[in-house]
**Q** 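Quick one: this structure, given as structure tokens, is what I'll be asking you about.
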Amino acid sequence: RDDEQLLSRALYFVGELSMIGFSSQEDSSRLSKKKSRDITPTDNDPVRGLFIQPSKRLIHLVKLMLPCSMPLPNPNNAENALTPTPSSIRAHAFVALGKFCLRNEALAKENLNIIARELDQDSNTDPAVMSNCLMVMGDMCVRYTNLVDKYLVFMAGCLQAGEKKLVDVNSKSHLSITFDGTIPYAMVKKNAILLLSSLLLQDYVKWRGLFVHRFLAAVADEDDEVSCLAQTALRG
């Protein structure tokens, strides 16, 4: 448990460190080549334009924590021994990777499909992991709209998250948000409604049949809070 908390904090730290100096105006394709002089510091933001590039080894270590299981360090009785990856570690690892990608377009192209597949209704993803991946995809949609367009179907699917899954409702995530009660995916659905509504209002995604059908289905959700939130979103 202590190791899990320590690792979660480390993942949060490296993710935040990579975002120091971030500006929405910076060119991520140039930053990945260490050409960031087009963004200059200001009195109000003295670190603006600073880019602490994560090493390839660090990126590799973070990606090792994305799957449902990861290799054991120095296994004694098996060459390729694996141990289940705690959901909280996976959730933090996806956020850290997402922050790396926000400042490196090439890295984003390589890993978008890894993040998006956690939103697949057949992936059996933990609600905490799915919620974090959805938030990451939302940030990527703002940063790399054209790259994320083909994954919008997975983001829209989060409006009906968990409806094909059997989940242990007694289990709780170790993140700050716990998923308890009878509908553990309700928080994912609420996040999806809020996120997609924001992207639609800002014109990052278009109001197409896919979203209309998904939002209408969310209105009929068995969770009253999800249903009311979807109705509010549709009313504008």
**Q** Should Leu97 and Leu61 be regarded as members of a common hydrophobic cluster, given that ILVMFWY residues are connected when their side-chain heavy atoms come within less than 4.5 Å of each other, either directly or indirectly?
**A**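 Hydrophobic grouping puts Leu97 apart from Leu61.
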
**Q** Does any part of the side chain of Val14, heavy atoms only, come nearer than 4.5 Å to the side chain of Lys99, both counted from C-beta?
**A** no

**Q** Determine whether Ile193 and Phe215 make a side-chain contact, defined as any pair of heavy atoms from C-beta on separated by less than 4.5 Å.
**A** yes

**Q** Search all heavy atoms of Leu134 against all heavy atoms of Asn191 and return the closest pair with its distance.
**A** CD2-C, 4.0 Å

**Q** Taking all atoms of both residues into account, what is the closest heavy-atom pair of Val129 and Ala91, and its distance?
**A** CG2-N, 3.9 Å

**Q** In the structure I gave you, are the side-chain heavy atoms of Leu199 and Leu195 within less than 4.5 Å of one another anywhere?
**A** yes

**Q** Quick one: do Asp221 and Lys189 make a salt bridge, cutoff under 4.0 Å?
**A**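 Result for this pair is yes, salt bridge flagged.
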
**Q** With side chain to side chain contact (heavy atoms under 4.5 Å, CB included) as the criterion, how do Val95 and Leu11 come out once you've worked through the C-alpha distance, each side chain's angles and the decisive distance to 0.1 Å?
**A** CA-CA 8 Å; Val95 172; Leu11 287 167; over 6 Å; no

**Q** Just by distance, do the side chain of Thr85 and the backbone of Arg90 share a donor-acceptor pair under 3.5 Å?
**A**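 Not at all, since once roles are kept as given, no pair shorter than 3.5 Å links the two residues.
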
**Q** If you group Ile, Leu, Val, Met, Phe, Trp and Tyr by side-chain heavy-atom gaps below 4.5 Å, do Leu216 and Leu200 land in one group?
**A**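 Yes, same cluster.
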
**Q** Can Met70 and Leu82 be said to form a side chain to side chain contact (heavy atoms under 4.5 Å, CB included), step by step?
**A** CA-CA 5 Å; Met70 58 182 174; Leu82 299 175; 5.9 Å; no

**Q** Consider side chain to side chain contact (heavy atoms under 4.5 Å, CB included). Of Met187, Gln231, Lys190, which one does Val226 pass it with?
**A**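 It is Lys190, the one option of Met187, Gln231, Lys190 that forms the side chain to side chain contact (heavy atoms under 4.5 Å, CB included) with Val226.
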
**Q** Distance from Asp120 atom CG to Tyr151 atom OH, nearest 0.5 Å?
**A**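 The distance works out to 12.5 Å.
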
**Q** Please check if the number of heavy atoms outside Glu16 that lie under 6.0 Å from its CD is greater than 12.
**A**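 Yes, CD of Glu16 has more than 12 neighbouring heavy atoms, counting only those of other groups under 6.0 Å.
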
**Q** Given side chains that start at C-beta, do those of Phe94 and Val62 come closer than 4.5 Å, heavy atoms only?
**A** no

**Q** So which heavy atom on Leu196 is nearest to which on Ala156, and how close?
**A**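 It is CD1-CA, 4.0 Å.
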
**Q** Got Pro84 and Ser69 here, is their nearest side-chain heavy-atom distance under 4.5 Å?
**A** no

**Q** Please list every donor-acceptor pair under 3.5 Å in which a side-chain atom of residues 204-213 meets a protein atom from a residue at least two apart or in another chain.
**A**
residue, atom, partner, partner atom, Å
Lys206, NZ, Asp203, OD1, 3.1
Lys206, NZ, Asp203, OD2, 3.2
His213, ND1, Gly209, O, 3.3

**Q** In this structure, would Ile20 and Leu107 fall into the same cluster of hydrophobic residues linked by side-chain contacts under 4.5 Å?
**A**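 As far as the 4.5 Å side-chain criterion goes, Leu107 and Ile20 are connected within one cluster.
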
**Q** Linking I/L/V/M/F/W/Y whenever any side-chain heavy atoms sit under 4.5 Å apart, do Phe100 and Phe13 land together?
**A** yes

**Q** Can you tell me if Ser18 uses its side chain to pair, donor with acceptor, with the backbone of Gly15 under 3.5 Å?
**A**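 Yes, because the side chain of Ser18 sits within donor-acceptor range (under 3.5 Å) of the backbone of Gly15.
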
**Q** Which atom names give the shortest non-hydrogen contact between Cys101 and Tyr144, and what distance separates them?
**A**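 For Cys101 and Tyr144, the tightest heavy-atom pair comes out as O-OH, 2.6 Å.
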
**Q** Go through Asn132 and Glu118 one step at a time and tell me if the side chain to side chain contact (heavy atoms under 4.5 Å, CB included) criterion holds.
**A** CA-CA 10 Å; Asn132 278 14; Glu118 295 298 322; over 6 Å; no

**Q** Do you know which two heavy atoms are closest between Cys133 and Leu119, and how far apart they sit?
**A**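 Minimum heavy-atom contact is CB-CD2, 3.9 Å.
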
**Q** I want to check something: taking the side chain as every heavy atom from C-beta on, are Lys150 and Leu112 in contact at a cut-off of under 4.5 Å?
**A** no

**Q** Could you check whether any side-chain N or O of Ser8 sits under 3.5 Å from a backbone N or O of Glu4, counting only pairs where one atom can act as donor and the other as acceptor?
**A** yes

**Q** For Arg117 and Ile114, which heavy atoms make the closest approach, and how far apart are they?
**A** CG-O, 3.2 Å

**Q** Side-chain heavy atoms under 4.5 angstrom apart, residues restricted to Ile, Leu, Val, Met, Phe, Trp, Tyr: same cluster for Leu194 and Met130?
**A** yes

**Q** Before giving the answer on side chain to side chain contact (heavy atoms under 4.5 Å, CB included), spell out for Leu102 and Met19 the whole-Å C-alpha distance, their side-chain angles and the decisive distance to 0.1 Å.
**A** CA-CA 8 Å; Leu102 285 176; Met19 294 299 290; 4.0 Å; yes

**Q** Quick check: does any side chain N or O of Ser227 sit under 3.5 Å from a backbone N or O of Val219, one acting as donor and the other as acceptor?
**A** yes

**Q** Indicate yes or no: at least one non-hydrogen side-chain atom of His60 is less than 4.5 angstrom from one of Leu64.
**A** yes

**Q** Using 0.5 Å steps for rounding, measure from the CD1 atom of Ile59 to the CD atom of Glu110.
**A** 8.0 Å

**Q** Within this structure, what is the CE-CG distance for the pair Met137 and Leu147, rounded to the nearest 0.5 Å?
**A**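 Going from CE on Met137 over to CG on Leu147, the span is 9.5 Å.
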
**Q** May I ask you to test the Phe154-Asn113 pair for a side-chain heavy-atom distance under 4.5 Å?
**A**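 Counting from C-beta outward, Phe154 and Asn113 never come under 4.5 Å.
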
**Q** Just how far is it from atom CG of Leu229 to atom OG of Ser197, taken to the nearest 0.5 Å?
**A**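 If I round to the nearest 0.5 Å, the distance is 7.0 Å.
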
**Q** Nearest 0.5 Å, what's the CE-NE2 distance between Met65 and His92?
**A** 12.0 Å

